[in-house]
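One structure below.
By convention here, the first residue in the shown sequence is residue 1.
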Amino acid sequence: MQSQQPADISMESLVPVELPIVLSVDDSPIVQTRIKRALSERFEVLLANDAMSALHLLARQPVDLLLLDVTMPGIDGIELCQTLRRMSKFTQLPIVMLTAKDKSYDRALAEMVGATEYLTKPLDDEKLIAIVDRYTKRGHIQ
């Protein structure tokens, strides 16, 4: 009977990898499911279905990037983006607006309130991943 040598394990492989945290704010469960499915292998994805839930979550949990639906009941994405940009804690937070609206006026409005990027629905998974990668500090961890 041969004795087996233990596998060579480096200490790096034992350290848990912290994934970048993405908060997705959208009132559509279908969109939220799609975003989570597209990003969950490379990012920790938190979900909020409205602006107030997002604000409560942001008060407790730092995030690396915010995906924000423009059209939501109550406080919409434009208003939430504008509110966050007024808080010093969130001036550098990448905010990617998600919307079905693709007119130049809508893009200009999003830019005016401080959006970092603007994506139109239906979402292209590869483009979404590329944009989240680009704006997260640790987005290239695999």
Apply side chain to side chain contact (heavy atoms under 4.5 Å, CB included) to the pair Lys36 and Leu47, showing each step before the final yes or no. CA-CA 8 Å; Lys36 188 152 184 128; Leu47 304 175; 4.1 Å; yes

One pair to check against side chain to side chain contact (heavy atoms under 4.5 Å, CB included): Ile75 and Met52. What are the steps and the verdict? CA-CA 8 Å; Ile75 300 169; Met52 291 308 292; 3.8 Å; yes

Kindly determine whether Glu117 and Tyr135 satisfy side chain to side chain donor-acceptor pair (under 3.5 Å), including the steps that lead there. CA-CA 9 Å; Glu117 191 74 54; Tyr135 291 108; 2.8 Å; yes

Are Asp76 and Val70 close enough, and set up right, to give a side chain to side chain contact (heavy atoms under 4.5 Å, CB included), and what steps lead you there? CA-CA 6 Å; Asp76 67 14; Val70 170; 5.6 Å; no

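To the nearest 0.5 Å, atoms CG (Leu65) and CD1 (Ile95) are separated by 8.5 Å. Atom-to-atom distance recorded for Asp50:CG and Leu80:CG is 9.5 Å, nearest 0.5 angstrom. To the nearest 0.5 Å, the span separating CD on Glu111 from OG on Ser104 amounts to 11.5 Å. The structure places CG of Leu46 at 12.5 Å from OG of Ser53, a figure rounded to the nearest 0.5 Å. Atom OG1 of Thr83 is separated from atom CD1 of Ile78 by 11.0 Å, given to the nearest 0.5 angstrom. One distance of note links CD of Gln82 with CZ of Arg86; it measures 4.5 Å at 0.5 Å rounding.
A 4.5 Å side-chain heavy-atom check between Thr116 and Ile131 finds every atom pair outside the cut-off. Two residues are said to be in side-chain contact when any heavy atoms from C-beta on lie closer than 4.5 Å; Val96 and Leu68 fail this criterion. Counting only heavy atoms from C-beta outward, the side chains of Leu67 and Leu39 approach each other to under 4.5 Å. In this structure, Thr71 and Lys101 have side chains that are in contact, with non-hydrogen atoms separated by less than 4.5 Å. In this structure, the side chains of Met97 and Leu119 stay at 4.5 Å or more apart for every pair of heavy atoms. Using a 4.5 Å heavy-atom threshold, the side chains of Thr136 and Phe43 count as touching. Counting only heavy atoms from C-beta outward, the side chains of Leu98 and Leu123 approach each other to under 4.5 Å. Lys89 is not listed as a side-chain neighbour of Leu58, based on a closest heavy-atom distance of 4.5 Å or more.
Residues Asp133 and Arg42 approach most closely at OD2-NH2, 2.8 Å, considering heavy atoms. When all heavy atoms of Val25 and Ala54 are compared, the pair lying nearest together is CG2-CB, 3.5 Å. Closest heavy-atom contact between Cys81 and Gly114: SG-C, 3.8 Å.
Pairs engaging residues 19-33 under the side-chain hydrogen bond (donor to acceptor under 3.5 Å, both in side chains) rule: Ser24-Gln32, Asp26-Lys121 [sequence neighbours left out].
The backbone N or O of Asp102 lies less than 3.5 Å from no partner atom in the side chain of Arg107, so there is not a single donor-acceptor pair.
For the side-chain contact (heavy atoms from CB on, under 4.5 Å) with Val132, the lone residue among Val22, Asp64, Ile35 that qualifies is Val22.
Between Arg37 and Asp125 there is no salt bridge, since none of the side-chain N atoms of the basic residue sits less than 4.0 Å from a carboxylate O of the acidic one.
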